[in-house]
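Worth saying up front: this structure is predicted, and the values here are computed from it rather than measured.
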Amino acid sequence: QVQLVESGGGLVQAGGSLRLSCAASGRTFSRYGMGWFRQAPGKEREFVAAISWKWSNTAYADSVKGRFTISRDNAKNTVILQMNSLKPEDTAVYYCAARYWGAADSSSDEYHYWGQGTQVTVSS
């Protein structure tokens with residue numbers, strides 16, 4: 001099993017940047033595909049970005065492509081979501097997720113473990 005803890009959320013003005021971190025427990029972090037999802041009030045959870053366990057292949061939602069970057073540091077058991085050029089529509093709770101031997105999966109159904117989430121608010 002793996003436990004996930006997100007951090008780095010907060011309030012930022014439109015056009016600004018935030019860096020979200022997801023710290024994972026356990027000694028087999030490198031074998032997990034990792035994803036970021038978000039959920040805005042009144043909306044369903046949606047895919048943001050993902051990175052595979054092997055080769056660190058990445059995938060992004062069209063809405064964040066070119067603005068967000070996902071990366072991982074296996075030595076630190078951490079996955080990072082760098083968010084630039086933030087927009088008010090990026091406001092949501094952001095969740096980190098993990099899937100053993102996972103590819104860069106965009107479906108939330110593929111992930112077995114989830115963090116508690118971190119709030120990101122972008123003001124206009």
Flag side-chain contact, heavy atom, 4.5 Å: Val12 against Met83: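 Side-chain contact under 4.5 Å: no.
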pair Gln3-Val5: side-chain heavy atoms closer than 4.5 Å: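 The answer is no; the side chains never approach within 4.5 Å.
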Is the backbone N or O of [Y] less than 3.5 Å from a side-chain atom of [X], with the two atoms forming a donor-acceptor pair by type?
X     : Y     : answer
Asp73 : Thr78 : no
Glu6  : Cys22 : no
Arg72 : Ser52 : yes
Asn77 : Gly26 : yes

Ring pair (Phe, Tyr, Trp, His ring centres under 6.0 Å) pairs, two or more places apart, involving residues 67-101: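 Sorted pair list: Tyr32-Tyr100, Trp53-Trp101.
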With Thr121 via side chain to side chain donor-acceptor pair (under 3.5 Å) - residues at least two apart: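 So Thr121 forms a side chain to side chain donor-acceptor pair (under 3.5 Å) with Gln119.
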Test side chain to side chain donor-acceptor pair (under 3.5 Å) applied to Lys43 - qualifying residues, sequence neighbours left out: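 Here no residue qualifies.
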From Leu4, Val2, Ile80, residue fulfilling side chain to side chain contact (heavy atoms under 4.5 Å, CB included) relative to Met34: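 Of the listed residues Leu4, Val2, Ile80, the side chain to side chain contact (heavy atoms under 4.5 Å, CB included) partner of Met34 is Leu4.
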Linked, directly or transitively: Val93 and Leu86 (ILVMFWY side chains, under 4.5 Å):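 No, Val93 and Leu86 fall in different hydrophobic clusters.
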Residues forming a side chain to side chain contact (heavy atoms under 4.5 Å, CB included) with Glu46, sequence neighbours excluded: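 Counting only residues at least two positions away or on another chain, Glu46 forms a side chain to side chain contact (heavy atoms under 4.5 Å, CB included) with Arg38.
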Nearest heavy atoms of Ser124 and Ala14, plus distance in Å: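 Closest pair (atom of Ser124, atom of Ala14, distance): CA-CB, 4.3 Å.
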Closest contact, heavy atoms only, Ala49 versus Leu81: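 Looking at all heavy atoms of both residues, the closest pair is CB-CD1, 4.1 Å.
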For residues 54-62, which side-chain donor-acceptor pairs fall under 3.5 Å, sequence neighbours excluded?
unit_1: Tyr60; atom_1: OH; unit_2: Ile70; atom_2: N; d: 2.9
unit_1: Asp62; atom_1: OD1; unit_2: Lys65; atom_2: NZ; d: 3.1

Enclosure of Gln116 CD (heavy-atom neighbours >12, cutoff 6.0 Å):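 For Gln116, atom CD is not crowded (no more than 12 foreign heavy atoms under 6.0 Å).
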With Phe37 via ring pair (Phe, Tyr, Trp, His ring centres under 6.0 Å) - residues at least two apart: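 Checked Phe37 against ring pair (Phe, Tyr, Trp, His ring centres under 6.0 Å); matches are Phe47, Tyr111, Trp114.
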